[in-house]
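Structure record follows, encoded as structure tokens.
Worth knowing before you read on, the calculation uses all heavy atoms, side chains too, and leaves out hydrogens, waters and symmetry mates. Order of the sequence lines fixes the chain letters, A, B, ..., with proteins taken first and strands second; residue numbering starts at 1 for each chain.
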2 protein chains.
Amino acid sequence: MIIKGKNVAYKLEGKIYHCAMDITMDYIGGKWKSVVLWYLKNGTHRFAELKKLIPDITEKMLSIQLRALEEDGLIVRKVYGRKPPMRVEYSLTEFGATLIPALNAIAKWGRGLGDSEGELVDVGEF
Amino acid sequence: MIIKGKNVAYKLEGKIYHCAMDITMDYIGGKWKSVVLWYLKNGTHRFAELKKLIPDITEKMLSIQLRALEEDGLIVRKVYGRKPPMRVEYSLTEFGATLIPALNAIAKWGRGLGDSEGELVDVGEF
DNA sequence: CGGAATCCTTTTCGATACTG
DNA sequence: CAGTATCGAAAAGGATTCCG
């Protein structure tokens, strides 16, 4: 990032970013985060629901992603009940909701490509 | 992705995607691709120019990312001259240009966060 | 129900050195 | 100038089992 002949960068939470893309990608990058956010975009979901919506993710990965997203302040985790059959719900925070336009743009491009170049396949066995 | 009670997915170049986010992320995900695309968005750049614009990337990584982006059809590589002091230019393809709205949305969010929460630091030593 | 623990494999990343 | 080659470290991802 070059401003008026000087090399400058953003410093955020101790990390240096030379480019705004980097910042966003640090929040939504990786294989799963954007997908999880996508499904939380339209409302609250429980752990098992997310696992069903994202069949290819393992529970371990889902757990890791949810905790990372929570640490970043993008989602909230709410626990109902304290004994084993408990209910945990995840939803976007207000901060997380600011990502929605970007998420929509990303999904729109993917959908466009999928519709024009790809084919729909049935994966009903899930 | 659930349509009328059936589980369907996109199949694109042999890969299965359950979610449109996935498709896009396959093209722009990872640590460097989006940054490279960002700098090519506004015009052609040479290898060494990109290296300067993205100080933290190694030549190896830059090379790998550029080849991956080329394989995906997002950028073109043009070589001028065939003997060692040669000139190689990279630029977005028409297909790559369709990503610009999404890239803009991603950068906008990062910039917003950087401006409100981060600080600008001088990294003039580059 | 909603994970955590463990172990393992795969992929990515980075430093350094070298080349047509 | 624009990369490759090589190596090793680190991170990401996956399968399975177990637990409050």
Side-chain angles (χ1 to χ4, degrees), chain A residues 14-19 21-22 25-37 39-40 44-72 75-91 126, chain B residues 15-19 21-22 25-37 39-40 44-72 75-91 125-126:
Chain A
K15 296 187 64 175
I16 298 286
Y17 299 93
H18 294 275
C19 166
M21 301 296 288
D22 259 345
M25 283 313 200
D26 228 34
Y27 282 83
I28 66 169
K31 192 171 177 181
W32 302 114
K33 283 183 181 174
S34 60
V35 181
V36 173
L37 289 171
Y39 286 116
L40 290 180
T44 293
H45 282 295
R46 298 176 63 174
F47 188 89
E49 289 172 353
L50 288 170
K51 170 71 182 116
K52 262 206 169 168
L53 289 166
I54 314 172
D56 290 343
I57 201 171
T58 61
E59 292 178 351
K60 172 190 172 183
M61 280 299 120
L62 180 54
S63 174
I64 289 175
Q65 306 309 320
L66 288 169
R67 261 184 290 112
L69 291 169
E70 195 191 0
E71 259 190 48
D72 283 341
I75 69 174
V76 241
R77 184 188 131 111
K78 284 180 195 146
V79 185
Y80 302 96
R82 46 190 63 250
K83 280 298 163 193
M86 62 195 184
R87 173 188 197 79
V88 181
E89 289 185 349
Y90 296 91
S91 48
F126 288 114
Chain B
K15 297 186 65 176
I16 299 285
Y17 299 92
H18 294 274
C19 165
M21 301 296 290
D22 258 347
M25 282 313 199
D26 229 34
Y27 281 84
I28 68 168
K31 191 171 178 182
W32 302 114
K33 281 184 182 176
S34 61
V35 182
V36 172
L37 289 171
Y39 285 116
L40 290 180
T44 294
H45 281 297
R46 301 177 60 176
F47 188 89
E49 289 171 354
L50 288 169
K51 171 70 182 116
K52 263 204 169 170
L53 289 165
I54 314 170
D56 290 344
I57 200 172
T58 61
E59 292 179 351
K60 173 188 171 180
M61 279 301 120
L62 181 52
S63 174
I64 289 174
Q65 305 309 321
L66 288 169
R67 259 182 292 114
L69 292 170
E70 195 192 357
E71 259 190 49
D72 282 342
I75 68 174
V76 241
R77 183 188 133 114
K78 285 180 194 146
V79 185
Y80 302 96
R82 43 190 65 247
K83 279 300 163 190
M86 61 194 185
R87 174 189 198 83
V88 182
E89 290 185 349
Y90 296 93
S91 48
E125 64 269 15
F126 286 114

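Rounded to the nearest 0.5 angstrom, M21(A) CE and W32(B) CH2 are separated by 13.0 Å.
A straight line from CD of Q65(A) to P of dA11(D) spans 15 Å, rounded to a whole angstrom. dT6(D) atom C1' lies 13 Å from atom CE of M61(B), rounded to whole Å. When rounded to the nearest whole Å, the span between CD1 of I57(B) and P of dG3(D) equals 12 Å. The CE-C1' distance, from M25(A) to dC13(C), rounds to 18 Å in whole Å. Distance K78(B) NZ to dA2(D) P: 15 Å, rounded to the nearest Å. One atom, OH of Y80(B), and another, C1' of dA2(D), lie 15 Å apart when rounded to the nearest Å.
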Distances under 3.5 Å between nitrogen or oxygen atoms of protein and nucleotides 2-9 of chain C:
residue	atom	partner	partner atom	Å
dG2(C)	OP1	R46(A)	NE	2.8
dG2(C)	OP1	R46(A)	NH2	2.8
dG2(C)	OP1	V88(A)	N	3.4
dG3(C)	OP1	R77(A)	NH1	2.1
dG3(C)	OP1	Y90(A)	OH	3.1
dG3(C)	OP2	Y90(A)	OH	2.5
dG3(C)	N7	E59(A)	OE1	3.0
dA4(C)	OP2	S63(A)	OG	2.6
dA4(C)	OP2	R67(A)	NH2	3.0

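Side chains of L53(B) and H45(B) form a contact here, defined as non-hydrogen atoms less than 4.5 Å apart. For the pair I57(A)/K51(A), a side-chain contact is recorded, criterion being any heavy-atom separation below 4.5 Å from C-beta on.
Within 4.0 Å of K31(A), counting heavy atoms only, lie sugar-phosphate atoms of the nucleic acid but no base atom.
Between H18(B) and D22(B), the shortest heavy-atom contact is N-OD2, 4.2 Å.
Partners of L66(A) according to the side-chain contact (heavy atoms from CB on, under 4.5 Å) rule, which considers only residues two or more places apart in sequence or in another chain, are V36(A), F47(A), L50(A), L62(A), I75(A), Y90(A). Residues passing the salt bridge (charged side-chain N to carboxylate O under 4.0 Å, His left out) test with E70(A), sequence neighbours excluded: none.
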